[in-house]
2 protein chains.
Amino acid sequence: MTTNRSFTLISRPNGELSDSDLQRHEQPITAPAEGQIQVRTTCLSIDPTIRIWMSDVPQYMPPIGLGEVVRGLGVGVVEQSGHPDFAVGDRVLGLLGWSTHPTLTPALSGVQALPAGLPLSDAKVLSLLGLTAGPTAYFGLLEVGQPRAGETLVVDAAAGAVGSLVGQIGKIKGCRVVGIAGGPEKCAYVTDTLGFDACIDYKSADVGKGLDEHCPDGIDVCFENVGGPIFDEILLRMNLGGRVSLCGLIAAYNEAGKPVPGPYNFGMILMRRLRVQGFIVLDFIDRMGQATADLVQWAAEGKLKTLEDVRQGFDTLPEALRQLLRGEKHGKLVLEP
Amino acid sequence: MTTNRSFTLISRPNGELSDSDLQRHEQPITAPAEGQIQVRTTCLSIDPTIRIWMSDVPQYMPPIGLGEVVRGLGVGVVEQSGHPDFAVGDRVLGLLGWSTHPTLTPALSGVQALPAGLPLSDAKVLSLLGLTAGPTAYFGLLEVGQPRAGETLVVDAAAGAVGSLVGQIGKIKGCRVVGIAGGPEKCAYVTDTLGFDACIDYKSADVGKGLDEHCPDGIDVCFENVGGPIFDEILLRMNLGGRVSLCGLIAAYNEAGKPVPGPYNFGMILMRRLRVQGFIVLDFIDRMGQATADLVQWAAEGKLKTLEDVRQGFDTLPEALRQLLRGEKHGKLVLEP
């Protein structure tokens, strides 16, 4: 008989996530009450924000409570339904959590049915339409960064789930796009497959010199995922009136509890009259239909390529999150339980 | 016979300005060429930005060149004129520099004639209408901070030239206004004379606790002059969608050449989706007439009080700038040469 396997959070990680911060459960599947559905998870999205949710630093959603199933976005198929809007066999996208057969209330978990016949694999659905990937890139670049044709856009974590889409959308909008990524393979992917104008390998090159070379007119828009020394090099080269769309600070996520200094070149915000703006995709939830339509169309036209790093095995979820935060993946990291 | 006394910059200060970074000159007054005027300086504005101009860090105007007269805003009277728009006896405001009898080209030094009969002393002209004071407060708060009635505004350096005006304009616009200043006298001035709702003495009180007490609904707008640990406490209490108008980082100005970390709570920009924006009053130069009209009217109505700390003696200019940066003044620091 099939059981529901899940991971709950039992202590807040100190630095890197430890296996002992989680507890693995194997329990009978819960039948859905009225208004609920029971889903079989087919693919989970492994995102940096999961590490934030595990901590209790101030953040944009409540942290995962101790004893609760680890929060995470996923795609699945409805197996039992007590909800009038969902039928058995429907394909759904939402916060399924680290659970193979969750039973949940759709509205509370942001679960929505996908259009029937959507010609995208589970992994590509998470890459393109998962809130933490495509819509984050779309709104974070276009609404917060407000790039204009001819401007120079710098994207770090350029081979990652969000950065790869940001740079391609920047090209669609007529920008010069320079990526920063770790290692020659990722950089080659960013320029040759994704079509960025250049990519700087921060593992082997001096990022400051690389930016000087590839951004001869300075930087107008920065889509920031990383923070730390790389962001400092970018700040130093921002043009007057430049914009920083602050999407993530992955360099700091493992440092919970330990004060991490802000950018040393923070004063550039003053000197170059920059606008630095944090955002979260949920701010734009009312306009998600527009993002979905554009993203699906651009992907169909071949202008938006995604790459997924698909792992298998429910029990490897903790290790997958650690590898994500170490940069040990190539493309959007997803896991089939 | 009267001579022109001036200070030129001969080396860039390392930390605090040293007397040996400047050279004092005493030379015959230069007759103005065609298109020039010769002015007798009656009052000079001592501003933190002068210390930035002395350094060669990246900044919003060219640094003062070595061998050049120290740049600074002042009020004076035209003594000789080779320019058709200026007559002997006209009262002028502009970048007269650290010079008792400068000869200059008005457009290159931003020198403009003041309206005849303006009922303001030289010191009050610098407080209210000098670019670095009134217009900076006006545009920095209203255009960059965009406060709405009922919101909570926090202003540090609240007893200072800019902060004192920012808080009063915040009250005019219906905000709850909380200041931060150093010492009981300054704090009493901020609440009792300027009408702020509260003022936290950072020298004797825990700024974080003070903010918790006086900003029970969090902080919506921060007008930031200081940086450093005080700004970190403010960042930690910003509300979702809050705005930071970044006007100055006085805590860092003496540290040129030494890396100063940015705010430790930089991540709050992400978590609370803040907008942090640097600005300079020159961005709004086209709308200066509107600022001047409002400022003069509010002052006439008694809604905008200014306090000037008027020093005397041309030779004390270097010490006056040092005292300004140590916070050893009360109100807008000006000097009559």
Side-chain angles (χ1 to χ4, degrees), chain A residues 48-49 52-53 55 57-61 63 139-140 144 218 224-225 227-229 231-232 235-253 255-256 258-284, chain B residues 48-49 52-53 55 57-61 63 139-140 144 218 224-225 227-229 231-232 235-253 255-256 258-284:
Chain A
T49 194
I52 302 182
W53 293 334
S55 74
V57 299
Q59 52 193 278
Y60 58 91
M61 285 176 77
F139 291 112
V144 182
E224 186 56 37
N225 284 299
F231 183 43
D232 260 322
L235 270 179
L236 208 54
R237 290 162 180 85
M238 291 294 296
N239 288 330
L240 277 179
R243 289 131 271 149
V244 176
S245 178
L246 195 59
C247 176
L249 293 167
I250 199 170
Y253 292 171
E255 306 282 346
K258 208 166 87 179
V260 179
Y264 282 81
N265 295 321
F266 185 83
M268 290 293 287
I269 302 172
L270 181 61
M271 297 304 173
R272 295 287 160 83
R273 292 113 84 181
L274 308 179
R275 187 180 72 212
V276 178
Q277 192 161 355
F279 76 97
I280 171 177
V281 65
L282 297 175
D283 295 341
F284 303 97
Chain B
T49 195
I52 302 182
W53 292 336
S55 73
V57 298
Q59 52 193 280
Y60 58 91
M61 285 176 77
F139 291 111
V144 182
E224 185 55 38
N225 285 299
F231 183 43
D232 260 323
L235 269 180
L236 209 54
R237 289 161 180 86
M238 292 294 295
N239 288 330
L240 277 181
R243 289 132 272 149
V244 176
S245 178
L246 196 61
C247 176
L249 293 167
I250 198 170
Y253 292 171
E255 306 282 345
K258 209 166 86 178
V260 179
Y264 282 81
N265 295 322
F266 185 83
M268 290 293 287
I269 302 173
L270 181 60
M271 296 304 174
R272 295 288 160 83
R273 290 112 85 183
L274 307 179
R275 187 181 71 213
V276 178
Q277 192 161 356
F279 76 97
I280 171 177
V281 65
L282 297 176
D283 295 340
F284 303 98

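Since this is a predicted model, take the numbers as computed values, not measurements. Letters A, B, ... mirror the listed sequences (proteins, then strands); counts begin at 1.
Contacts of residues 274-284 of chain A with chain B at a heavy-atom distance below 4.5 Å involve Leu274(A), Arg275(A), Val276(A), Gln277(A), Gly278(A), Phe279(A), Ile280(A), Asp283(A), listed in sequence order.
In this structure, the portion of Arg272(B) lying under 4.5 Å from any heavy atom of chain A is its side chain and not its backbone. In this structure, chain B has no heavy atom under 4.5 Å from any part of Met61(A).
Ring geometry for Phe266(A) against Phe266(B) counts as perpendicular: the plane angle is over 60°, on a 0 to 90° scale with 30° as the lower cut.
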